[in-house]
Amino acid sequence: MKYSFWVVAAFLVLNISCSIPSQAQGATNPIIYADVPDLSMIRVGETYYMSSTTMHMNPGVPIMKSKDLVNWQLVNYVYPTLADVDATKLDNLQNEYGRGSWASCLRYQNGVYYVSTFSGTTHKTYIYSTKDIEKGPWMLTTIDASLHDHTFFFDDDGRVFIIWGNGKLMIAELEADFSGLREGSERVLIENASAPAGPNIGLGAEGSQLFKINGSYYLFNITWPRGGMRTVVVHRAQSLDGPWEGRIALQDKGVAQGGLIDTPDGRWFSYLFRDNGAVGRIPYVVPVTWDDGWPLLGVDGKVPNKLDLPASNGLIPGIVNSDDFKRKKKEADLPLVWQWNHNPVNELWSVRERKGYLRLKTGRLDGDFLQARNTLTQRTIGPVCSGSTSIDISNMKDGDFAGLALLQKKYGQVGVKSEDGLKYLVMVSAQTESPVEIERMPLTQQTVFLKADCNFIDRKDVASFYYSLDGKNWTKIGEQLKMEYTLPHFMGYRFGLFNYATKNPGGFVDFDYFHMSDQLVNED
């Protein structure tokens, strides 16, 4: 019996160990399977901080924190809203999809954290600073120029420079108070920074990030040769005055745009991202070795699937999370995982008016979901994810439409329409870029459960929508949405809770919860 017991035990241990996912043995790429593009990263002591791009979402410029380069948690945003103009407020049929703030640069100097960004909406450059990156407050200085994809850089002599541009890269020294470019300092840094990738370039070198390591300057850029892939180009010089030498640093899987980061134990990595279909632009980390003063990215020039870093614990709850909308007195009204589509109208939403519910009110008429205000969003995540909610529709007015969406230009919605005193459960698809009501059915109860499932495996990029009358048994509605990453929105798909009026403002709906899962229960 003892012999049989140990044989069985050994067999069980072997099977358990073989069934453990590979990521349990260490980190795997991508390190974040979600839309976190235009990374900028620093290490302060043993803590890493990262900023990213969220464009038309508010609050904006997320700050994330990690102890291991793999497991990241949202800890702050740089601003609540960037500007107060028609485009940011979805007023007068204006919007800032694909614009907002882009490509931030995160730096740390003499106990102060700096984040700079620029906007295609306002055509200005913004420099924020704080002594407490996780709590703020942030001080703002504005430059009256839109410095494209710039890098903000403190040199050893105390002077501060900024580099920007596409193809032809420019450099200028900043005024001591960061209020503008020092007169007479603007000049061409590199005439054609795309040159190392060849003469036939589709996307000129941009996404600049500058580092100084062991006395040498290293400038990272992305470029894209026609017929090729996104490519990392690195230029090196001993002085900002040049001369600059350039090389291709990585050309694999289209993983590009980022920079360098070192670990407390002296290892080097490069943080980059990859266009990955409808889920968005997802971060990768690749090891870096050095040869004759040049950084060599990847393993034999390739992006590895596995990394000698701790395993990922998943993106829940650090990047996305469920929410029951229950708030204590001193708690923030919304956790950091939430962002509004454009500027919110704060008078038209609440998590306090009805305990344990998110209330979305209508305050004007909107004819289109993409122009509707106060859509509350979270990222979708890969390889699969599911978002679900329960909604009380008792207080809708005639013409109202409320529910759960997957937000991008080619969006999908499952929700409730109120028409002529009756309620209808509907699924709407904008896969053809114009919204089409695919299916509707009468709804006679005042609470309904809604769900959207996303499958990003091997860029399948499909979503299915469901409803339930009891919260347990789910029924598919409408048709499968073929999700597509479109440049007009320039962002991965997001779950969105929405409510807007088409005839009579003043109604409201109450969302009981939002549940996020990294698994799919309903298989298509």
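Quick caveat, the model's predicted, so the values are computed rather than measured. If you read the sequence from its start, that first residue is 1, and numbering goes on from there.
In this structure, CG on D461 lies 12.0 Å from OH on Y485, to the nearest 0.5 angstrom. D144 contributes atom CG, which lies 5.5 Å from atom NZ of K124 (distance to the nearest 0.5 angstrom). For the atom pair CD (Q109) and CZ (F153), the distance works out to 9.0 Å, reported to the nearest 0.5 Å. Taking CZ of R281 as the reference point, atom CG of L272 lies at 13.5 Å (rounded to 0.5 Å). The OH atom of Y513 sits 11.5 Å away from the CG atom of D324 when rounded to the nearest 0.5 Å.
The main-chain N or O of D38 is never found under 3.5 Å from a side-chain atom of S52 such that the two would form a donor-acceptor pair. Not one N or O on the side chain of N455 forms a donor-acceptor pair closer than 3.5 Å with the backbone of V462. Although no hydrogens or angles enter the test, the distance criterion places a donor-acceptor pair under 3.5 Å between the side chain of Y493 and the main chain of K410. Between the side chain of Y500 and the backbone N or O of D368, no donor-acceptor pair lies under 3.5 Å. Distance alone, capped at 3.5 Å, is enough to place a donor-acceptor pair between the Q371 side chain and the Q94 backbone. One N or O on the side chain of D470 and one on the backbone of N473 form a donor-acceptor pair closer than 3.5 Å. In this structure, Q431 contributes its side chain and K482 its backbone to a donor-acceptor pair below 3.5 Å. Put simply, the side chain of E96 never gets that close to the backbone of T122: no donor and acceptor are under 3.5 Å apart. R379 places no side-chain N or O within donor-acceptor distance of the main-chain N or O of A34, the cut-off being under 3.5 Å. A distance-only check finds a donor-acceptor pair linking the side chain of Q339 to the backbone of P59 [under 3.5 Å].
T130 and D132 share no side-chain donor-acceptor pair at under 3.5 Å. At a cut-off of 3.5 Å, with distance as the only test, a side-chain donor of H150 or S116 sits close to an acceptor on the other residue.
In this structure, the side chains of W164 and T125 stay at 4.5 Å or more apart for every pair of heavy atoms. D91 has its side chain within reach of R364: a pair of non-hydrogen atoms, C-beta onward, lies under 4.5 Å apart. Between E206 and I222 there is a side-chain heavy-atom pair separated by less than 4.5 Å. Residues W349 and L376 have side chains not in contact (no heavy-atom distance under 4.5 Å, counting atoms from C-beta outward). Using a 4.5 Å heavy-atom cutoff, the side chains of N305 and T28 are not in contact. Put simply, the side chain of Q480 reaches to within 4.5 Å of the side chain of S464, judged on heavy atoms. Taking 4.5 Å as the limit, some side-chain heavy atom of T447 sits within range of a side-chain heavy atom of S390. Annotation: side chain of N499 is in contact with side chain of T362 (closest heavy-atom distance under 4.5 Å).
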L69 and I31: CA distance, side-chain angles, deciding distance, side chain to side chain contact (heavy atoms under 4.5 Å, CB included) verdict = CA-CA 8 Å; L69 287 175; I31 57 165; 5.8 Å; no
Step-by-step side chain to side chain contact (heavy atoms under 4.5 Å, CB included) determination, L450 to Y466 = CA-CA 6 Å; L450 310 170; Y466 301 84; over 6 Å; no
Is there a ring pair (Phe, Tyr, Trp, His ring centres under 6.0 Å) between F498 and F401 once you walk through the steps?
-> CA-CA 8 Å; F498 70 91; F401 185 17; 5.1 Å; yes
Checking side chain to side chain contact (heavy atoms under 4.5 Å, CB included) for the pair I143/L174: CA distance, chi angles, key distance, verdict?
-> CA-CA 10 Å; I143 298 174; L174 288 174; 3.7 Å; yes
Verdict with supporting geometry, Y79 and Y126, ring pair (Phe, Tyr, Trp, His ring centres under 6.0 Å) = CA-CA 11 Å; Y79 59 78; Y126 302 86; 7.6 Å; no
Chi angles and distances behind the side chain to side chain contact (heavy atoms under 4.5 Å, CB included) call for D518, I381 = CA-CA 7 Å; D518 57 5; I381 62 174; 4.1 Å; yes
Evaluate the ring pair (Phe, Tyr, Trp, His ring centres under 6.0 Å) criterion for residues Y49 and Y108: first the C-alpha distance (whole Å), next the side-chain angles of each, then the deciding distance (0.1 Å), finally the verdict.
-> CA-CA 10 Å; Y49 292 103; Y108 177 75; 8.7 Å; no
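For the pair K476 and D453, the salt-bridge criterion is not met [side-chain N within less than 4.0 Å of a carboxylate O]. Between D35 and R494 no salt bridge is recorded (no basic side-chain N to carboxylate O distance below 4.0 Å). Remark: D366 does not engage R373 in a salt bridge, criterion side-chain N to carboxylate O under 4.0 Å. Ionic pairing of E46 and K67 is not present here: no N-O contact between side-chain nitrogen and carboxylate oxygen is shorter than 4.0 angstrom.
Under a cut-off of 6.0 angstrom, the local environment of CG in D458 is sparse, with at most 12 non-hydrogen atoms contributed by other residues, nucleotides or ligands. No more than 12 heavy atoms of other residues, nucleotides or ligands shown are found within 6.0 angstrom of CD on Q519. Within 6.0 Å of NZ on K89 lie more than 12 heavy atoms contributed by other residues, nucleotides or ligands. Around the NZ atom of K131, the shell of radius 6.0 Å holds no more than 12 heavy atoms that belong to other residues, nucleotides or ligands. A 6.0 Å sphere centred on CE of M441 holds more than 12 heavy atoms belonging to other residues, nucleotides or ligands.
Below 30°, between 30° and 60°, or above 60°: for F152 and F178 the angle between ring planes is above 60°, a perpendicular geometry. Aromatic ring orientation, W338 versus F325: parallel (interplanar angle below 30°, classes split at 30° and 60°). In this pair, Y97 and H489 present their aromatic rings parallel. The plane angle is below 30°, not in the 30 to 60° band.
Nearest heavy-atom pair, M483 versus C454, reported as atom, atom and distance to 0.1 Å: CE-CB, 4.0 Å. Annotation for W138 and Y113: closest pair CZ3-O, 4.2 Å, computed over non-hydrogen atoms. Smallest separation of non-hydrogen atoms from S51 and S104: OG-OG, 2.8 Å. The two residues V448 and L425 have their closest heavy-atom pair at CG2-CD1, 4.1 Å. Minimum heavy-atom separation, R230 to A256: NH2-O, 3.1 Å. Between S66 and N71, the shortest heavy-atom distance links the atoms OG-O, 2.9 Å.
With T88 as the fixed residue, the side-chain hydrogen bond (donor to acceptor under 3.5 Å, both in side chains) test singles out one of N58, T81, N343: N343.
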Review item, side-chain donor-acceptor pairs of residues 273-280, under 3.5 Å, at least two apart:
unit_1: R274; atom_1: NE; unit_2: K253; atom_2: O; d: 3.0
unit_1: R274; atom_1: NH1; unit_2: Y284; atom_2: OH; d: 3.0
unit_1: N276; atom_1: OD1; unit_2: R459; atom_2: NH2; d: 3.4

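Under the salt bridge (Lys or Arg N to Asp or Glu O under 4.0 Å) criterion, the residue pairs touching residues 413-424 are K417-E437, E419-R440, with sequence neighbours excluded. Legend: ring pair (Phe, Tyr, Trp, His ring centres under 6.0 Å) pairs involving residues 431-465, not counting sequence neighbours: none detected.
The aromatic ring centres of W102 and F490 sit less than 6.0 Å apart.
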